Amino acid sequence: MADSKLLVPELTKEEKMGAETARFEELLLQASKELQQAQTNRPESTQIQPQPGFCIKTNSSKGKVFINICHSPSIPPPADMTEDELLQMLEEDQAGFRIPMSLGEPHAELDAKGQGCTAYDVAVNSDFYRRMQNSDFLR
């Protein structure tokens, strides 16, 4: 005949695991609800198909970085300001000028030599892009 005292610790352990599993499921359900609520509270987004522009090549501590500047009329333009006004603002260390843009997630690419690098896609307003093309200062 088996000693029933030997079974009690095993049953208690299983009961504890059941309680932990129930708590885990409760936390998982709560996180799922919070994630769903966050997604429904997110501002509405719009898909755009930007037009190609130019590319800037630079380096970071992690390697080569490309910044692809493209444009779309769907992106609002920055405040209308002359280059002289902007230069004065920068010289006075005022941070009042903002350029609305859409910044894509960094993504891995290969450069012309087949080496890995990071690329960013940045889209600005099409009218502002045309101004940039004609101005070294804005570029």
Side-chain angles (χ1 to χ4, degrees):
M1 183 166 155
D3 186 1
S4 63
K5 291 180 184 176
L6 296 175
L7 295 175
V8 173
E10 291 176 14
L11 293 175
T12 305
K13 185 177 178 182
E14 287 178 10
E15 289 173 353
K16 285 182 182 178
M17 288 181 63
E20 289 175 1
T21 301
R23 178 66 178 143
F24 176 73
E25 288 175 354
E26 179 184 328
L27 290 172
L28 189 58
L29 181 61
Q30 179 183 352
S32 176
K33 286 179 181 177
E34 289 174 4
L35 181 61
Q36 189 175 23
Q37 184 179 12
Q39 289 176 341
T40 56
N41 290 342
R42 194 171 38 179
E44 194 173 317
S45 63
T46 303
Q47 291 282 334
I48 63 169
Q49 197 71 1
Q51 301 300 309
F54 61 91
C55 182
I56 300 169
K57 181 173 91 173
T58 187
N59 289 298
S60 76
S61 60
K62 295 180 182 178
K64 196 182 298 184
V65 176
F66 289 96
I67 303 170
N68 300 312
I69 307 295
C70 42
H71 60 96
S72 170
S74 300
I75 298 174
D80 193 23
M81 185 177 290
T82 67
E83 289 182 21
D84 290 336
E85 291 170 329
L86 181 56
L87 181 60
Q88 182 178 357
M89 182 181 283
L90 293 172
E91 286 174 348
E92 294 172 1
D93 202 23
Q94 297 177 5
F97 186 72
R98 300 278 187 257
I99 301 171
M101 63 183 73
S102 175
L103 176 61
E105 294 289 327
H107 54 277
E109 293 287 340
L110 296 175
D111 65 8
K113 296 178 183 175
Q115 300 294 314
C117 60
T118 303
Y120 294 86
D121 299 323
V122 178
V124 297
N125 174 271
S126 293
D127 291 334
F128 182 71
Y129 176 81
R130 283 187 278 284
R131 280 186 62 197
M132 284 176 29
Q133 282 185 305
N134 297 322
S135 167
D136 290 337
F137 178 73
L138 291 177
R139 259 193 321 278

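Everything quoted here is computed from the prediction, not taken from an experiment.
Hydrophobic clustering (ILVMFWY, side-chain heavy atoms < 4.5 Å, transitive): Phe128 and Leu103 are in one cluster. Hydrophobic clustering (ILVMFWY, side-chain heavy atoms < 4.5 Å, transitive): Phe66 and Met101 are in distinct clusters.
Atom CG of Leu86 is separated from atom CE of Met89 by 7.0 Å, given to the nearest 0.5 angstrom. Considering CD of Glu26 and CG of Leu28, their distance stands at 11.0 Å, rounded to 0.5 Å. Annotation: the span from Tyr129 atom OH to Cys70 atom SG amounts to 9.0 Å, rounded to 0.5 Å. For the atom pair CD1 of Ile69 and CE of Met132, the computed distance is 5.5 Å after rounding to the nearest 0.5 Å. Between the CD atom in Gln88 and the CG atom in Asp84 there is a gap of 8.5 Å [rounded to 0.5 Å]. One distance of note links CG of Leu138 with CD1 of Ile99; it measures 7.5 Å at 0.5 Å rounding.
Each salt bridge (charged side-chain N to carboxylate O under 4.0 Å, His left out) pair with one or both residues in residues 45-54, not counting sequence neighbours, would appear here, but there are none. The salt bridge (charged side-chain N to carboxylate O under 4.0 Å, His left out) analysis of residues 111-120, with sequence neighbours excluded, yields the pairs Lys64-Asp111. Residue pairs satisfying the ring pair (Phe, Tyr, Trp, His ring centres under 6.0 Å) criterion with at least one member in residues 99-123, sequence neighbours excluded, are absent.
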In residues 48-62, what donor-acceptor pairs under 3.5 Å come from side-chain atoms, sequence neighbours left out?
from: Ser60; atom 1: OG; to: Lys62; atom 2: N; distance (Å): 3.1
from: Ser60; atom 1: OG; to: Gly63; atom 2: O; distance (Å): 3.4

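Pairing each heavy atom of Asn68 with each of Ala119, the nearest pair is ND2-CB, 4.2 Å.
Residues passing the side chain to side chain donor-acceptor pair (under 3.5 Å) test with Glu83, sequence neighbours excluded: Ser135. In this structure, the side chain to side chain contact (heavy atoms under 4.5 Å, CB included) partners of Pro100, at least two apart in sequence or on a different chain, are Ile75, Pro76, Pro78.
Residues Arg131 and Asp127 fail the side-chain proximity criterion, which asks for heavy atoms closer than 4.5 Å.
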